[in-house]
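FYI, side chains are in, hydrogens and waters are out, and symmetry mates aren't considered; it's all heavy atoms of this structure. The chains referred to below are lettered A, B, ... by the order of the sequence lines, with proteins before strands, and numbering in each begins at 1.
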Amino acid sequence: MRARGAETARVLRGLLHLYPVLFAMERHSNCTSSSSENGVLDVKPLRSLAPMFPAPFGFNAITQSTVPPFVRVTPFGSSPAGSDSSYPSGVPPAFPPFSFHKAPNQKPMNPDPVSVATHVGDAHVAMTPGANGSLRASPLSTSAKTPTSGTFWTPSATNVSIDEDEFPSLDDNMPASGRKTKRAGRRGSNQAGSSGTDVKRKRPNKSLNTELPLLPSSSNHPRESVEIVLMTYDALRRRLLQLDEAKDVNRRQDLKAGAIMAGKDLKANAGKRIGPVPGVEIGDIFYFRFEMCLIGLHAPSMAGIDYMTASFSDKDEPVAICIVSAGGYENEDDDVDVLIYSGQGGSGKHDKKQPDDQKLERGNLALERSLHRKNQIRVVRSTKDVSCPTGKIYIYDGLYKIDDSWVEKGKTGFNIFKYKLLREPGQPDGIAVWKMIQKWKENPSSRGRVILPDISSGAENIPVCLINDVDDERGPNHFVYVTTVKYLRHTTSMKPLEGCMCLSVCLPGDTNCFCAQQNDGDLPYNSMGLLVRRKPLIYECSVSCQCSFNCRNRVTQKGIRLHFEVFRTKDRGWGLRSWDPIRAGTFICEYAGEVISKTRVEDDGEEDEYIFQAMYLGEKASRWNCGPELLEDPDINNSNEVFRPFPITISAKNSGNIARFMNHSCSPNVFWQPVLYDHGDEDYPHIMFFAIKHIPPMTELTYDYGLHGDEAGQQEIGTGFMSQRAKKCLCGSPNCQGYFG
DNA sequence: GTGTACTCAAAATT
DNA sequence: CAATTTTGAGTACA
């Protein structure tokens, strides 16, 4: 329609050219099998449960005979479509082995026939004719026409949609005329894009931004797409907050960032679907409702019930697809497998405060229909954010089905609909992890298999326990626990930092603050102490400053703030994880140890597995700042920083802290950032780690050691010095590079 | 296509 | 501090 065809074709060609991987969809799943070593019971798949085989476009096995095959393509994966990942995050099995009755961490392995059969079976039963009527998801709105399963994120390209006419609704049984399409078949979804003629974009593209380095460079894995969207969103939101703080206004950066993202079609999993969302795993956490909108988990920006019209064999009906239980109503959610959820409405209209009976409409009606259709419903639960008592954390808790519903009188005396939801069996723990940790915190002795309650022996602000619930290792080799790096010279003899003259605390927007000036004019952390943008070097306030220790420009110098544990991994020695949820941008820890000279590295480098060199940042970290680019903020674009390596080399072999236990991953959740606070030698900064993304509790913390994918590095494998250190990577992430340094 | 009512937000304010 | 007000975005639906 319209004369947009040519432009669309051009855009698509451009995108094809730029991002060929986006259009290569063939993938096979690595099913995750749980070993039952030691005869452990409870075989269960890891975090991603459903997706056992690829169904890239969310074809729903639509078999309506009057419709030409492959014509009706909906993005709604009511089939077990979804991610094909075993470790979508690439982060080693986030499934925590703290429960001793369960199988410990797993590597991707051959499919476990049992769990595959079970899950496919489950999904099938729900969706197949015969059981409860066949379930065909159908679009509610035009925006749902995206013929993808969300395998990509959607930088415009995946919003390629087929012309409306080619999607007769199920009701108008057969299109009037001329509605046969050229669709070749399943793999044709994106070929349709390349043909250009029968394709149009869903909505005018406000800005293509193809020049932005935002796209996943080496992966078309849905997990990657979701992560990129979330990382970009949060970077943008943090930057907007920083700008607002400097102007002393504060208004909903979450919505502003979300509007910008949505306006540029930077979303994943466009369109609604029943069941799992590709790239979203049980246990994933969110700090804003908008995050869940952008990745296709829960579309409404405020409402708690997400629903869509689905087609059953007899008729179309609204069914609920996702609910958020966040304390707004009288729910019961103490049980990890049962949720009593209240319907919506009745709490008083916008203008009138008067409560009222709830009505069987909207979300309530959809929930009621879901009770009868027995479709899976995603559930998001919430908890209070410990680090920010005014805030909430949303936890994706997996799939449930409605078991019962009734009406009862609420506290105000008016009728409320109640729905009893039961968690589908066989899923990894979601909220259960949180409840478990809560118990540990109340009663530390309930955390079993503790080897040492605090490996820092009191050196850290918070104890760091040592845990092994995998094998019989009693702990790492001896080392001295230190909390910071030890330089070759004492810091007092190093070049000093110049301080600021701010009284009390440094304030954003104060152009006179010398420390802000050093950091390109902004305070590097926001009021919550989160890093706003990665920088070549951060200057924190120091002893030379007039400001107090409470100044917000003192973050990393105060030491760790999270409850960590060093734990035994299944196949990678010791690892590090946290009992606390970690928000993107949070300071994790320093790389402590001794600064050593290059010559010493070469002398005995091969024996030292605890060396840190500031030579390689990692791809994720390089993209961490990309959100603000969307603002087209000239300030930022000019500062287009190139990564600069530092000559510093730190060994944590003999002395170190928790950082020495952080393993490598090609899909890391942590990156390093140079910081100065106690001296001014720019070649020898402190190496501080920050969270790349929101990290659920008990998820292993990893960073990218480098070498992989690096051409120089590759060449060095098997030859020079580096060859001694290059190791086969066991990170298990879908875009694993095979080796790391 | 347009307008509007509705909503388990999130911050600011009282 | 808790309760309340304010400003909201996306969606369904008229």
Side-chain angles (χ1 to χ4, degrees), chain A residues 1-2 138-144 164 202-204 233 237 240-241 244-245 247-263 265 267 270-272 286-310 316-333 339-353 355-356 358-367 369 377-385 388-395 397 410-411 416-419 421 526-528:
Chain A
M1 302 202 304
R2 276 169 265 164
S138 77
L140 277 179
S141 70
T142 52
S143 67
E164 184 94 21
K202 182 184 68 185
R203 52 180 106 105
Y233 169 77
R237 192 193 55 75
L240 288 168
L241 174 60
D244 281 359
E245 279 180 343
K247 286 182 290 190
D248 201 22
V249 294
N250 240 337
R251 288 242 176 263
R252 298 306 298 264
Q253 300 81 20
D254 60 320
L255 298 182
K256 276 189 219 159
I260 293 171
M261 295 283 288
D265 277 340
K267 297 198 260 185
K272 297 197 178 197
F286 308 95
Y287 286 78
F288 293 95
R289 288 288 300 264
F290 225 111
E291 295 177 324
M292 295 184 280
C293 301
L294 290 174
I295 58 168
L297 181 60
H298 187 89
S301 59
M302 292 184 194
I305 306 167
D306 192 5
Y307 59 101
M308 67 186 284
T309 300
D316 286 4
E317 279 193 335
V319 288
I321 55 175
C322 185
I323 59 171
V324 177
S325 176
Y329 289 81
E330 303 163 26
N331 297 337
E332 293 169 36
D333 59 356
L339 173 66
I340 310 293
Y341 191 80
S342 302
Q344 63 188 186
S347 47
K349 293 278 187 287
H350 218 60
D351 35 355
K352 287 181 263 181
K353 284 275 141 170
D356 199 2
Q358 290 187 344
K359 299 192 186 72
L360 193 59
E361 58 186 22
R362 300 171 185 275
N364 300 345
L365 180 61
L367 285 164
R369 301 325 301 157
I377 297 174
R378 300 185 293 271
V379 169
V380 176
R381 305 212 196 195
S382 82
T383 184
K384 194 178 265 183
D385 181 357
C388 166
T390 58
K392 248 183 247 178
I393 299 177
Y394 301 95
I395 302 144
D397 196 41
K411 279 180 189 158
I416 294 180
F417 288 97
K418 292 282 185 173
Y419 301 89
L421 290 102
N526 66 24
S527 58
M528 304 260 305

Student: Atom NZ of K359(A) to atom P of dA5(B): distance rounded to whole Å?
Tutor: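 Result: 14 Å.
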Student: Nearest whole Å is fine: how far is dA9(C) P from L240(A) CG?
Tutor: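 The distance from CG of L240(A) to P of dA9(C) comes to 13 Å, rounded to the nearest Å.
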Student: Tell me which nucleotide among dG8(C), dC8(B), dG10(C) gets nearest to the side chain of A262(A).
Tutor: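 Closest nucleotide among those given: dG10(C).
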Student: Using a 3.5 Å distance criterion without hydrogens, assess whether the side chain of E330(A) forms a donor-acceptor pair with backbone atoms of G410(A).
Tutor: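 Looks like no, no N/O pair under 3.5 Å.
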Student: Which nucleotide in the set dG10(C), dC6(B), dA9(B) lies at the smallest distance from any side-chain heavy atom of R362(A)?
Tutor: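 Nucleotide nearest to R362(A)'s side chain: dC6(B).
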Student: Between C1' on dC13(C) and CG on D316(A), what's the gap in Å once rounded to a whole number?
Tutor: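 Distance check: D316(A) CG to dC13(C) C1' gives 16 Å.
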Student: Whole angstrom is fine here: how far is it from CG in L297(A) over to C1' in dT11(C)?
Tutor: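 Going from L297(A) (CG) to dT11(C) (C1'), I get 16 Å.
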Student: Would you mind classifying the nucleic acid contact of G345(A) as base, sugar-phosphate or nothing, using non-hydrogen atoms under 4.0 angstrom?
Tutor: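 Sugar-phosphate contact only.
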Student: Tell me the interatomic distance from R289(A), atom CZ, to dA11(B), atom C1', rounded to whole angstroms.
Tutor: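 Rounding to the nearest Å, CZ of R289(A) and C1' of dA11(B) are 16 Å apart.
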Student: To the nearest Å, give me how far apart CD (Q344(A)) and C1' (dC13(C)) are.
Tutor: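 Q344(A) atom CD is separated from dC13(C) atom C1' by 13 Å.
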Student: Remember a base hit wins even if backbone is also touched, and classify T390(A) as base, sugar-phosphate or nothing at under 4.0 Å, heavy atoms.
Tutor: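 Nothing, no heavy atom under 4.0 Å.
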Student: Counting distance only, does the side-chain N/O of Y341(A) pair as donor-acceptor with the main-chain N or O of V324(A) below 3.5 Å?
Tutor: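 Flag set: sc Y341(A) to bb V324(A) pair under 3.5 Å.
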Student: What's the closest nucleotide to the side chain of L255(A) if the choices are dT11(C), dG8(C), dA10(B)?
Tutor: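 So the nucleotide nearest the side chain must be dG8(C).
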Student: Quick one: closest heavy-atom pair of K359(A) and N364(A), and the distance?
Tutor: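 Closest pair (atom of K359(A), atom of N364(A), distance): O-ND2, 2.9 Å.
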Student: Using a cut-off of less than 4.0 Å, is there contact between a side-chain N or O of K392(A) and OP1 or OP2 of dA10(B)?
Tutor: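 So the side chain of K392(A) is outside the cut-off, no N or O lying under 4.0 Å from OP1 or OP2 of dA10(B).
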Student: Please determine if a side-chain N or O atom of Y307(A) lies less than 4.0 Å away from the OP1 or OP2 oxygen of dT7(B).
Tutor: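 The answer is no; no side-chain N or O of Y307(A) sits under 4.0 Å from OP1 or OP2.
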Student: Can you measure F288(A) atom CZ to dA9(C) atom P for me and round it to whole angstrom units?
Tutor: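 Distance, rounded to whole Å: 14 Å.
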Student: Tell me whether R289(A) is salt-bridged to D254(A), with the criterion being a basic N under 4.0 Å from an acidic carboxylate O.
Tutor: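 Salt bridge: no.
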Student: Which part of the nucleic acid, if any, lies within reach of D306(A) when heavy atoms closer than 4.0 Å are counted: base, sugar-phosphate only, or nothing?
Tutor: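 D306(A): no heavy atom of the nucleic acid under 4.0 Å.
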Student: Would you indicate what Y341(A) reaches in the nucleic acid, counting non-hydrogen atoms under 4.0 angstrom: base, sugar-phosphate, or nothing?
Tutor: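 Touches a base.
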Student: For DNA chain C, which consecutive runs of 3 or more Watson-Crick or G-U pairs (each distance under 3.5 Å) count as stems?
Tutor: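 Ordered by first number, the stems with DNA chain C (at least 3 consecutive pairs each) read B:2-7 with C:9-14, B:9-14 with C:2-7.
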Student: Would you mind reporting whether L360(A) and L365(A) have side-chain heavy atoms less than 4.5 Å apart?
Tutor: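 Yes. Closest side-chain heavy atoms under 4.5 Å.
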Student: To the nearest 0.5 Å, how far apart are CZ in F417(A) and CD in E361(A)?
Tutor: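 One gets 9.0 Å once the value is rounded to the nearest 0.5 Å.
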Student: R362(A): what forms a side chain to side chain donor-acceptor pair (under 3.5 Å) with it, not counting sequence neighbours?
Tutor: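 Listed in chain order: nothing, the list is empty.
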Student: By the 4.0 Å heavy-atom rule, please label R252(A) as base, sugar-phosphate, or nothing.
Tutor: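 Base: the residue R252(A), judged by heavy atoms under 4.0 Å, touches a nucleobase.
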Student: Check salt bridge (charged side-chain N to carboxylate O under 4.0 Å, His left out) between D397(A) and all other residues, then give those that pass, not counting sequence neighbours.
Tutor: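 Expected list: R381(A), R423(A).
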Student: Could you state the atom-to-atom distance from CE of M292(A) to P of dT7(B) in whole Å?
Tutor: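 Distance, rounded to whole Å: 18 Å.
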Student: Report the residue (S301(A) or V249(A)) whose heavy-atom-nearest nucleotide on DNA chain B is the more 5′ of the two.
Tutor: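 Its nucleotide being nearer the 5' end, the pick is S301(A).
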Student: Any side-chain N or O of Y394(A) below 4.0 angstrom from OP1/OP2 of dA10(B)?
Tutor: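 Checking dA10(B) against Y394(A), a side-chain N or O does come within under 4.0 Å of OP1 or OP2.
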